[in-house]
Protein chains: 2
Amino acid sequence: MVMSTRTEPETDGIRVAVSTVIFSLRRGARGDRPTIVLPLVRRTRDPHEGRWALPGGWLDRTEELDVAASRTLAETTGLAPSYLEQLYVFGDVGRSPGRVVSIVYWALLREGAKLPADAENVAWFDVADLPPLAFDHEHIVEYALWRLRNKVGYSRIAHGLLPDLFTLAELREVYEAILTRDLDPANFRRQVENSATLIPTERFRTGSHRPARLYRYDQDVELADRGPLPHPTAPFALSREARS
Amino acid sequence: MVMSTRTEPETDGIRVAVSTVIFSLRRGARGDRPTIVLPLVRRTRDPHEGRWALPGGWLDRTEELDVAASRTLAETTGLAPSYLEQLYVFGDVGRSPGRVVSIVYWALLREGAKLPADAENVAWFDVADLPPLAFDHEHIVEYALWRLRNKVGYSRIAHGLLPDLFTLAELREVYEAILTRDLDPANFRRQVENSATLIPTERFRTGSHRPARLYRYDQDVELADRGPLPHPTAPFALSREARS
DNA sequence: ACAAAAGTGTTTCTACTACACCCATGT
DNA sequence: ACATGGGTGTAGTAGAAACACTTTTGT
């Protein structure tokens with residue numbers, strides 16, 4: 001360790017936090033377009049007490065970054081994400097008392113995620129109708145939505161919001177919810193069929209009108225191209241502890 | 001401040017560093033395709049002493065993130081970048097002794113950047129022919145190159161490597177250097193002309209064969225779409241202190 | 001029978017590609 | 001004059017968009 005008696009720039013006292021923007025899907029009344037929702041946590045202590053904020057926490061010294069994101073995600077929702085990616089680092093000097101550098105991830109949860117029964121001060125919000133948020137979290141959510149809308153155009157990321165089996169109409173509705181505009185069902189069908197990322201099954205969704213074929217993921221295709229970055233550490237399977 | 005006597009996860013002792021991958025352009029013998037180059041710093045102290053590393057330094061508690069990136073960039077090259085963007089945060093537990101979270105930026109410098117005369121232990125390297133690097137900097141450079149190659153396809157980012165006036169052939173050579181493949185001059189011309197991001201001037205580059213028209217940037221068009229992110233803080237004009 | 005969603009066919013439009021060709025200058 | 005890079009023209013191709021149409025179910 002190099003010690004110096006000169007007055008040097010102060011590099012200690014910077015705290016590192018990890019937060020996650022968690023997107024999921026909520027289907028409303030039958031026939032309505034589904035909406036993108038995210039869970040927020042009501043703050044119970046000082047800066048911005050009472051305001052809604054992104055789930056997060058302090059980074060532990062021995063904890064990988066994506067594990068920290070998965071951990072806070074699991075603590076909030078009790079679930080493991082179907083997709084997790086680093087979003088951005090927000091570290092403006094004035095964004096929080098003291099100097100806090102927030103490493104923000106964004107994640108997808110499959111449709112129908114339920115908050116654990118013991119979850120207090122946690123609630124789902126429609127991204128189109130958010131309350132005032134703590135810190136600069138409104139900007140963060142806005143940027144995460146921008147990233148999601150971009151990524152949906154050139155990757156299979158929308159599949160991360162759906163269960164294992166789904167119809168093409170359900171997949172299209174996910175795209176429509178993210179892009180907030182209607183898509184032509186005929187052209188949409190051809191595009192995803194030509195992309196060779198879906199496997200048709202012999203099962204059908206009945207109950208209304210003509211049955212629709214169910215599709216499933218091609219597990220060999222990644223949800224999104226992450227470039228040369230390594231894959232995230234497998235999140236510890238908090239939601240799978242119950243299996244036999 | 002909330003104090004606790006329980007044994008809690010340790011969140012102190014994490015250090016925050018800022019590094020920058022700085023790309024510029026080097027033209028070789030006349031007629032050869034230019035190459036993408038970046039400056040590296042030879043480490044003079046312990047972890048990986050003697051190895052080449054990305055320019056960087058510790059984040060000061062009162063310093064904005066992009067200012068820290070600009071600062072280390074200026075300390076290394078004496079110049080201000082034509083483009084600066086956050087790349088990624090690397091924070092693996094094992095990447096460095098102690099826990100270091102590195103916020104990495106990437107930047108472009110216009111062609112022909114010269115290192116300051118007093119620059120010791122700094123040198124330019126062709127990205128296609130790098131020496132072994134310290135820490136995980138090889139992966140970082142690989143990722144930055146991937147981002148550059150992607151971004152060149154959907155933004156005007158290549159202009160950040162050129163001086164104010166340039167020919168279409170020079171611009172095309174930048175694309176070819178980044179993508180490492182030849183482009184059709186005729187089609188390339190039409191693409192950039194249709195993009196309405198260049199303004200033709202009445203000046204021409206002479207000296208060989210038919211003179212080529214010089215173009216300049218349309219200042220109103222951003223180099224790259226940054227989404228809803230705020231623009232970087234204007235880097236303090238270290239290279240412009242001499243004006244009047 | 002009819003409504004409504006599933007699924008197919010067809011035309012148009014646009015953008016990129018390949019490549020032939022002409023233009024203007026230095027040697 | 002001729003070689004060379006600057007610059008234009010044009011036909012072919014692939015994919016997206018628009019929309020008419022057929023199919024299959026529930027009521």
Side-chain angles (χ1 to χ4, degrees), chain A residues 27-34 149-156 158 162 165-216, chain B residues 27-34 149-156 158 162 165-216:
Chain A
R27 291 189 188 270
R30 176 174 190 75
D32 286 9
R33 180 190 286 169
R149 293 196 173 112
N150 262 321
K151 208 135 197 166
V152 87
Y154 63 87
S155 78
R156 305 185 341 124
L162 288 174
L165 291 177
F166 50 88
T167 68
L168 290 185
E170 288 163 355
L171 179 59
R172 174 170 49 81
E173 284 165 355
V174 175
Y175 278 80
E176 291 175 340
I178 293 173
L179 300 174
T180 63
R181 65 185 176 91
D182 289 337
L183 299 175
D184 184 311
N187 294 331
F188 181 82
R189 164 181 300 271
R190 270 183 292 259
Q191 276 180 286
V192 300
E193 279 175 347
N194 292 342
S195 73
T197 59
L198 291 188
I199 298 175
T201 71
E202 293 309 313
R203 302 184 55 192
F204 292 82
R205 173 96 68 226
T206 61
S208 75
H209 312 300
R210 175 172 174 177
R213 185 180 296 274
L214 290 170
Y215 290 77
R216 61 181 176 82
Chain B
R27 290 187 189 272
R30 176 175 189 75
D32 285 11
R33 181 190 286 171
R149 293 194 172 113
N150 262 319
K151 208 133 197 169
V152 87
Y154 62 87
S155 78
R156 306 184 340 122
L162 287 176
L165 291 177
F166 50 88
T167 68
L168 291 185
E170 288 163 355
L171 180 58
R172 174 171 49 81
E173 285 166 355
V174 175
Y175 277 81
E176 290 176 340
I178 293 173
L179 300 173
T180 62
R181 66 187 174 89
D182 288 336
L183 300 175
D184 183 312
N187 295 331
F188 181 82
R189 163 181 301 273
R190 270 182 293 258
Q191 276 180 293
V192 300
E193 279 174 347
N194 293 341
S195 73
T197 60
L198 289 188
I199 297 175
T201 71
E202 293 309 312
R203 301 185 55 191
F204 291 82
R205 172 96 67 225
T206 61
S208 75
H209 312 301
R210 176 174 173 175
R213 185 180 294 274
L214 290 170
Y215 290 76
R216 60 182 176 82

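Proteins come first, then strands; the chains are lettered A, B, ... in the order of their sequence lines, and each starts at number 1.
Side chain of A/Q191, nearest nucleotide from C/dA24, D/dT8, D/dA16: D/dA16. Relative to the side chain of A/P211, the nucleotides D/dT25, C/dC19, C/dT8 differ in distance, and D/dT25 lies closest. Nearest nucleotide to the side chain of A/D184, out of C/dT8, D/dG7, D/dC19: D/dC19. With distances taken from any side-chain atom of A/N187 to the nucleotides D/dA18, C/dG7, D/dG6, the minimum falls on D/dA18. Here the side chain of B/R172 is nearest to one of C/dG7, C/dG9, D/dG6, namely D/dG6.
Separating the CD atom of B/E173 from the P atom of D/dG5 is a distance of 10 Å, rounded to the nearest angstrom. Rounded to whole Å, atom P of D/dG26 lies 15 Å from atom CZ of A/R205. If you take NE2 of A/H209 and C1' of D/dT27, they are 9 Å apart, rounded to a whole angstrom. When the P atom of D/dT24 is taken as reference, atom CZ of A/F204 falls 11 Å away, rounded to whole Å. Remark: P of C/dA6 and CD of A/E193 are 13 Å apart, rounded to the nearest angstrom. Look at CZ on A/F188: it is 15 Å from P on C/dT8, rounded to the nearest Å. If you take CG of A/L168 and C1' of C/dG7, they are 9 Å apart, rounded to a whole angstrom. Nucleotide C/dC16 holds its P atom 17 Å from the OH atom of B/Y154, rounded to whole Å.
Contact check for A/E193 versus A/Y215: side-chain heavy atoms found under the 4.5 Å cut-off.
Base engagement by A/R190 is indicated by at least one non-hydrogen atom pair under 4.0 Å involving a base atom. Residue B/N194 is out of contact with every strand shown, counting any heavy-atom pair closer than 4.0 Å. In this structure, B/A169 reaches the sugar-phosphate backbone alone: every heavy-atom distance under 4.0 Å involves primed, P, OP1 or OP2 atoms, never a base.
Heavy atoms only, all atoms of each residue included: A/E176 and A/L183 are closest at OE2-N, 2.9 Å.
Separation of atoms CG (B/L162) and CZ (B/R156) is listed at 10.5 Å; rounding is to 0.5 Å.
With hydrogens and angles ignored, a donor-acceptor pair under 3.5 angstrom links the side chain of A/R210 to the base of C/dA6.
Within a 6.0 Å sphere centred on CZ of B/R205, heavy atoms belonging to other residues, nucleotides or ligands number more than 12. Residue A/R213 qualifies as enclosed at atom CZ: its count of foreign heavy atoms under 6.0 Å is above 12.
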